[in-house]
Participant: 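This is the structure I have questions about; it appears just below.
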There are 2 protein chains.
Amino acid sequence: MAERPRRRIPEATVARLPVYLRSLVELAGDRVSTTSSERLAELAGVNAAKVRKDLSYLGSYGTRGVGYDVEYLLFQVSRELGLTQDWPVVIVGAGNLGAALANYGGFGDRGFPVVALFDSDPAKIGTTIAGVKVLDQRDIPRVVQASGVAIGIIATPAPVAQDVADLLAAGGVRSILNFAPAVLTVDPSVSVRKVDLAVELQILSFYQQRGPNQAVGS
Amino acid sequence: MAERPRRRIPEATVARLPVYLRSLVELAGDRVSTTSSERLAELAGVNAAKVRKDLSYLGSYGTRGVGYDVEYLLFQVSRELGLTQDWPVVIVGAGNLGAALANYGGFGDRGFPVVALFDSDPAKIGTTIAGVKVLDQRDIPRVVQASGVAIGIIATPAPVAQDVADLLAAGGVRSILNFAPAVLTVDPSVSVRKVDLAVELQILSFYQQRGPNQAVGS
DNA sequence: GGAGCCTCGTGCATCCGTTCACAAAGTCTA
DNA sequence: TAGACTTTGTGAACGGATGCACGAGGCTCC
C-alpha cells in the first residue's frame, strides 16, 4: 500500500469535508456502522457522485458493494482536516460578536479552545467573559507567540481589522477568520477566511428581487 | 439604448457585488468622484479584469480613458442588488448569537430592519432585546406574513433549524440565512445561504496542517 | 462455484469562472 | 485636427469543478 496518497485536494473538496464530518458524527451517534455515498450525500446536501469523488482524494476507504465504515471514515476525515490535535484560538474584539463567539461553547468542545480575548477598550480589559480574561490588544503578538496560538478570529470594527491582522501575523498566527467587513492584506503564508453578514444579506436581497432562483452557498 | 441589459448575472459575480458596493461607499466617503477598475480592484481585493467583467454584466457604466463615476456606479450596484428598498428581517433564536445579531446595529442602517425576534424559551418570550420584542416561535408564520418579512435569519441550535425553516417558509419568507450547523431542505423557490463557524475553522485547520498554502474565501 | 446484485472509484464530457490581451472609445495637448 | 495616452469592454484560451455513466470489485444465495 502507498503510505499516503498525497494527492492534492481541490479547494472545493476541502470546503465540503467538514460537512461530511458532521454527517458522519451524526451517523455514529445513531449507532450506524456502515453507510453509502448515497446516504452521506443526502445528509450533506450534495449528490452522491460528488461524495465519492471527494472521498477518493483521501484514499480508497470504501468497500464496493458495501459502502463506508462510519467510524473508520470519521477518523480519516478528521485526520485529513488536522482535527486530531487541538488548535488554540484567540478572539480579538470583545463586543457583541466577540462575546457571543466566546460564549458559544461549540469551539472548545471541538478542538478550538479559546485561550484569550483581546480588546482596546480599557473598560473591558481585565474583565472575564465566558471564563476567559480580556487582555490588552497591544499584547497580541506576545501572548499569541507565548501560547502557540494558530488561529486568530477578528471580531472588531472594520477600521482596525487590518491593524489587528498585522498584530496577529506578528505573533506568528497562520490562519485568520475575519468577521470584520474589510479586505485584509496579509503575507501569502497566512490563510484568511471571511464571514460577512452584510454581504450575505445583500446576496439574498439580489435573489429576492429576482425571480424564484435559488442560491445555496457557504 | 437598451432599456435593461437583462443579462443573466453569474453567481460568482453576484457574490462580489456587495464588496464593490462597500468599496464604492468608502470612495464616496472620501469625496472621490471618479475611479478606475484598477483602484476598485485594489479596494475589493480582486484583480482589475474581474472588476471590469463583473461590472459589464450590469451594463456599460464606465467611460473609456476615464473610469467609473463613483456616485453613479454606487447607485447602479445598489439597484441591481435590490437595496433601493428595505427588506425587513426576523431573527429566530434569542441565544448568544441571536442577541448579538440583534444588537449589531449594522442591519437596520443598511436596509435590513429587524422587526422581530423569536424563541421557544418561555423565560425569553416577552422580553426585549435591542429594542425588539421576543415573540413565541410558534407565531412565526403569522407574524412573518403580517409584516411582509422577506428574510429570515436562523440562529437556533441545529436540531430545530429544519422546523424553523419550515415555519419561515410557511409564512412566505423567500430567503433564509442559516447560522445553524444543519443542512436545510426547502422549496427551490426559497434561497438559502449558510454561515457555519465550525466549518470555517475546520477549513483553516486543514490549511494550517498543510504547508503554507493560502485559502481566501467567503 | 457461479450468477446476480450492489456500491465504490474514476474517465470523460460539460459547464462555469478566471485571466489575458487587445480593439474600441474616450481625453488631453499642441 | 492629429497624435499620444488612458482605461473600458469583451472575445478567446485556460483551468477547475461537476455530474454522468460505467467498469471494477466485493457480497450473498443457491
Side-chain angles (χ1 to χ4, degrees), chain A residues 1-2 5 7-17 19-20 23-24 27 32-70 72-73 76-77 80 203 213-218, chain B residues 1-2 5 7-17 19-20 23-24 27 32-70 72-73 76-77 80 203 213-218:
Chain A
M1 295 300 122
R7 279 182 269 191
R8 204 193 121 275
I9 301 182
E11 213 169 308
T13 295
V14 172
R16 278 187 298 266
L17 288 180
V19 183
Y20 300 147
S23 305
L24 288 167
L27 288 170
V32 176
S33 65
T34 296
T35 191
S36 65
S37 59
E38 194 81 39
R39 178 82 182 108
L40 258 179
E42 193 187 335
L43 290 172
V46 300
N47 83 31
K50 207 183 285 188
V51 170
R52 290 199 297 275
K53 183 151 286 191
D54 284 342
L55 295 180
S56 77
Y57 288 113
L58 311 189
S60 213
Y61 296 140
T63 307
R64 292 165 198 236
V66 178
Y68 299 92
D69 182 276
V70 172
Y72 184 59
L73 189 56
Q76 293 299 343
V77 174
E80 198 66 46
I203 294 171
N213 299 357
Q214 60 267 37
V216 185
S218 75
Chain B
M1 296 298 127
R7 281 181 270 190
R8 204 193 120 275
I9 301 182
E11 213 169 310
T13 295
V14 172
R16 279 188 296 268
L17 289 180
V19 183
Y20 301 146
S23 306
L24 288 166
L27 287 171
V32 176
S33 65
T34 295
T35 189
S36 65
S37 59
E38 194 83 39
R39 177 83 182 108
L40 258 178
E42 192 187 336
L43 290 172
V46 299
N47 84 30
K50 206 182 285 187
V51 170
R52 290 199 298 276
K53 180 146 285 192
D54 284 343
L55 294 180
S56 78
Y57 288 112
L58 311 190
S60 214
Y61 296 140
T63 307
R64 295 167 195 230
V66 178
Y68 300 91
D69 182 276
V70 172
Y72 184 58
L73 189 56
Q76 294 298 343
V77 174
E80 198 66 46
I203 293 171
N213 299 359
Q214 61 267 36
V216 184
S218 78

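This is a predicted model, so every value here is computed, not measured. Below, chains carry the letters A, B, ... as their sequence lines are ordered, and counting in each starts from 1.
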Participant: Do the side-chain N or O atoms of A:K50 get closer than 4.0 angstrom to the phosphate oxygens (OP1, OP2) of D:dG19?
Facilitator: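 Result: yes.
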Participant: With a cut-off of less than 4.0 Å, is there a side-chain N or O of B:Y68 near OP1 or OP2 of D:dG9?
Facilitator: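 It does, given that an N or O in the side chain of B:Y68 lies less than 4.0 Å from OP1 or OP2 of D:dG9.
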Participant: Does a side-chain N or O of B:R39 approach OP1 or OP2 of D:dT6 to a distance below 4.0 Å, or not?
Facilitator: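 Answer is no, no contact under 4.0 Å.
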Participant: Counting heavy atoms from C-beta on, name the nucleotide in D:dT18, D:dG9, D:dT8 closest to the side chain of B:S37.
Facilitator: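 Given the options D:dT18, D:dG9, D:dT8, the side chain of B:S37 is closest to D:dT8.
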Participant: Do A:L73 and A:L40 have side-chain heavy atoms sitting under 4.5 Å apart?
Facilitator: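 Yes, side chains in contact.
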Participant: For the residue pair A:V70 and A:L24, what are the closest heavy atoms and their distance?
Facilitator: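 Heavy-atom minimum between the residues: CG1-O, 3.7 Å.
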Participant: Taking the side chain as C-beta and beyond, is there a heavy-atom pair between A:V14 and A:E80 under 4.5 Å?
Facilitator: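 Not in contact.
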Participant: Only one of A:K50, A:E42, A:R52 clears side chain to side chain donor-acceptor pair (under 3.5 Å) with A:S37; which?
Facilitator: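 Of all the options given, the one that passes is A:R52.
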Participant: Identify, between B:S56 and A:R52, the residue whose nearest nucleotide on DNA chain D lies closer to the 5' end.
Facilitator: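 Nearer the 5' end of the strand: B:S56.
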Participant: Give a yes/no answer on whether the side chain of B:T63 brings an N or O atom under 4.0 Å of OP1 or OP2 in D:dT8.
Facilitator: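 The answer is no; no side-chain N or O of B:T63 sits under 4.0 Å from OP1 or OP2.
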Participant: Please compare A:R16 and B:T35 by the position of their nearest nucleotide in DNA chain D and report the one closer to 5'.
Facilitator: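 Of the two residues, B:T35 wins.
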Participant: Which is the 5'-most and which the 3'-most nucleotide of DNA chain C that has an atom under 4.0 Å from a heavy atom of chain B?
Facilitator: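 Span of nucleotides near chain B: C:dG17 to C:dT27.
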Participant: Can B:D54 and B:T13 be said to form a side-chain hydrogen bond (donor to acceptor under 3.5 Å, both in side chains), step by step?
Facilitator: CA-CA 6 Å; B:D54 284 343; B:T13 295; 2.7 Å; yes
Participant: Would you confirm whether the ring centroid of B:Y61 sits within less than 6.0 angstrom of the ring centroid of B:Y68?
Facilitator: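 Aromatic pair excluded; centres sit 6.0 Å or further apart.
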